[in-house]
Peer 1: 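This structure is in structure tokens; I'll ask about it shortly.
In the text below, chain A, chain B and the rest are named by the order of the sequence lines, each starting its count at 1.
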Amino acid sequence: MTFSVIAAFTRVLDMPTNALSLLWLFPLALAGVVVYKALTIRKLNAVVFLREVFALLAFLIGLLIIITVILFVITWIAT
Amino acid sequence: MGRSGRKQNNIPLMIIVAIASWLIPGGGYFILKEHTRAAIILVTILLTFAVGLYIGTIGVINPVDAKPWYVAQLMNSPFVAILGGITSSGQWTVYGRPAEIGQIYTSISGILNLLCILKAIQSASVPYTARAGGQSL
């Protein structure tokens, strides 16, 4: 059991270089949002915390999608 | 000294909180009796760091060829230096997208922990009743 856990950290994850690999951004965004909200909410409460995290994450992902679409359109027009 | 009697700009407490925060993510908030906040920080930072290691192996911690990333990774905890000592032999070199994503995850978790350290120091510098509504979290 211990060795299988350690072995999981010594073998590189199979990750192709394609657009799908960019989805690894989302867990990172979630981590950033969770830590940021954990530091900024004065009185931590499960409901408030989850609502705030969800709202900021949705805003962040929405913003990233809009930027992606704009950049895609610019690239499409330019080429 | 009682919580309500904590004085402003308590330098020894600020130093202890800073060291505890660096040793174990969320440790500073644990000392400040903010256990929920400490638990959220600990789980999030450790999980992000572990995911980075899982993606790119411990080879993403590279004190020889990736010093700027290594500095950010060290912000997670001084224990990262132990992994750095193991990988500095060059035996765990990793390339490509997994290396990039793993480095980004481990470094971002370190930078997030640096933010937590600074915020915990700031929290330690004010009296307990002046923050968090004066209640245990």
Peer 1: State the CD1-CD1 distance between A:Ile70 and A:Ile65, to the nearest 0.5 angstrom.
Peer 2: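 The distance works out to 12.0 Å.
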
Peer 1: Are A:Leu39 and A:Phe54 linked, directly or through intermediate hydrophobic residues, by side-chain heavy-atom contacts shorter than 4.5 Å (ILVMFWY only)?
Peer 2: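 No, no single cluster joins them.
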
Peer 1: Between B:Arg37 (side chain) and B:Phe30 (backbone), is there a donor-acceptor pair under 3.5 Å?
Peer 2: no

Peer 1: Is any residue of residues 26-33 of chain A within less than 4.5 Å of chain B by heavy atoms, and which ones?
Peer 2: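 If one takes a 4.5 Å heavy-atom cut-off, the residues of residues 26-33 of chain A near chain B are A:Pro27, A:Leu28, A:Ala31, A:Gly32.
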
Peer 1: Could you check whether any side-chain heavy atom of B:Leu23 comes within less than 4.5 Å of a side-chain heavy atom of B:Pro78, counting everything from C-beta outward?
Peer 2: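 Yes; the side chains approach each other to less than 4.5 Å.
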
Peer 1: Out of curiosity, B:His35 NE2 to B:Tyr29 OH, how far, rounded to the nearest 0.5 Å?
Peer 2: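 It comes to 13.5 Å.
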
Peer 1: Quick check: are there more than 12 heavy atoms from other residues, nucleotides or ligands sitting under 6.0 Å from CG of A:Asp14?
Peer 2: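 No.
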
Peer 1: Nearest 0.5 Å, what's the CD1-OG distance between B:Ile55 and A:Ser21?
Peer 2: 10.0 Å

Peer 1: Taking the side chain as every heavy atom from C-beta outward, state whether B:Leu32 and B:Leu13 have any pair of such atoms under 4.5 Å apart.
Peer 2: yes

Peer 1: With rounding to the nearest 0.5 angstrom, report the OG1 to CD1 distance, A:Thr79 to A:Ile74.
Peer 2: 11.5 Å

Peer 1: Could you give the distance from CG (A:Leu23) to CG (A:Asn18), rounded to the nearest 0.5 Å?
Peer 2: 9.0 Å

Peer 1: Around atom OH of B:Tyr54, are there more than 12 heavy atoms from other residues, nucleotides or ligands closer than 6.0 Å?
Peer 2: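 Incorrect, the count does not exceed 12.
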
Peer 1: Counting a contact as any heavy-atom pair under 4.5 Å apart, which residues of residues 59-72 of chain B contact chain A?
Peer 2: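 Against chain A, none of the residues of residues 59-72 of chain B fall inside the cut-off of heavy atoms under 4.5 Å.
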
Peer 1: With a sphere of 6.0 Å drawn around CD1 of B:Ile24, does it hold more than 12 non-hydrogen atoms of other residues, nucleotides or ligands?
Peer 2: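 Result for CD1/B:Ile24: open.
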
Peer 1: Is the side chain of B:Ser21 donor-acceptor paired with the backbone N or O of B:Ile117 at a distance under 3.5 Å, no angle test?
Peer 2: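 Here the side-chain-to-backbone pair does not exist.
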
Peer 1: Does A:Val35 reach the side chain of B:Cys116, with side-chain heavy atoms less than 4.5 Å apart?
Peer 2: yes

Peer 1: Applying a heavy-atom distance below 4.5 Å, give me the residues of residues 38-46 of chain B that approach chain A, sorted by number.
Peer 2: B:Ile40, B:Ile41, B:Thr44, B:Ile45

Peer 1: Rounded to the nearest 0.5 Å, what separates atom CD1 in B:Ile121 from atom CD1 in B:Ile11?
Peer 2: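 Going from the CD1 atom of B:Ile121 to the CD1 atom of B:Ile11 covers 10.5 Å.
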
Peer 1: Could you tell me whether the side chain of B:Trp22 and the main chain of B:Gly28 form a donor-acceptor pair under 3.5 Å?
Peer 2: no

Peer 1: Going by residue number, which parts of residues 94-114 of chain B are within reach of chain A, meaning a heavy-atom gap below 4.5 Å?
Peer 2: B:Val94, B:Arg97, B:Pro98, B:Ile101, B:Ile104, B:Tyr105, B:Ile108, B:Leu112

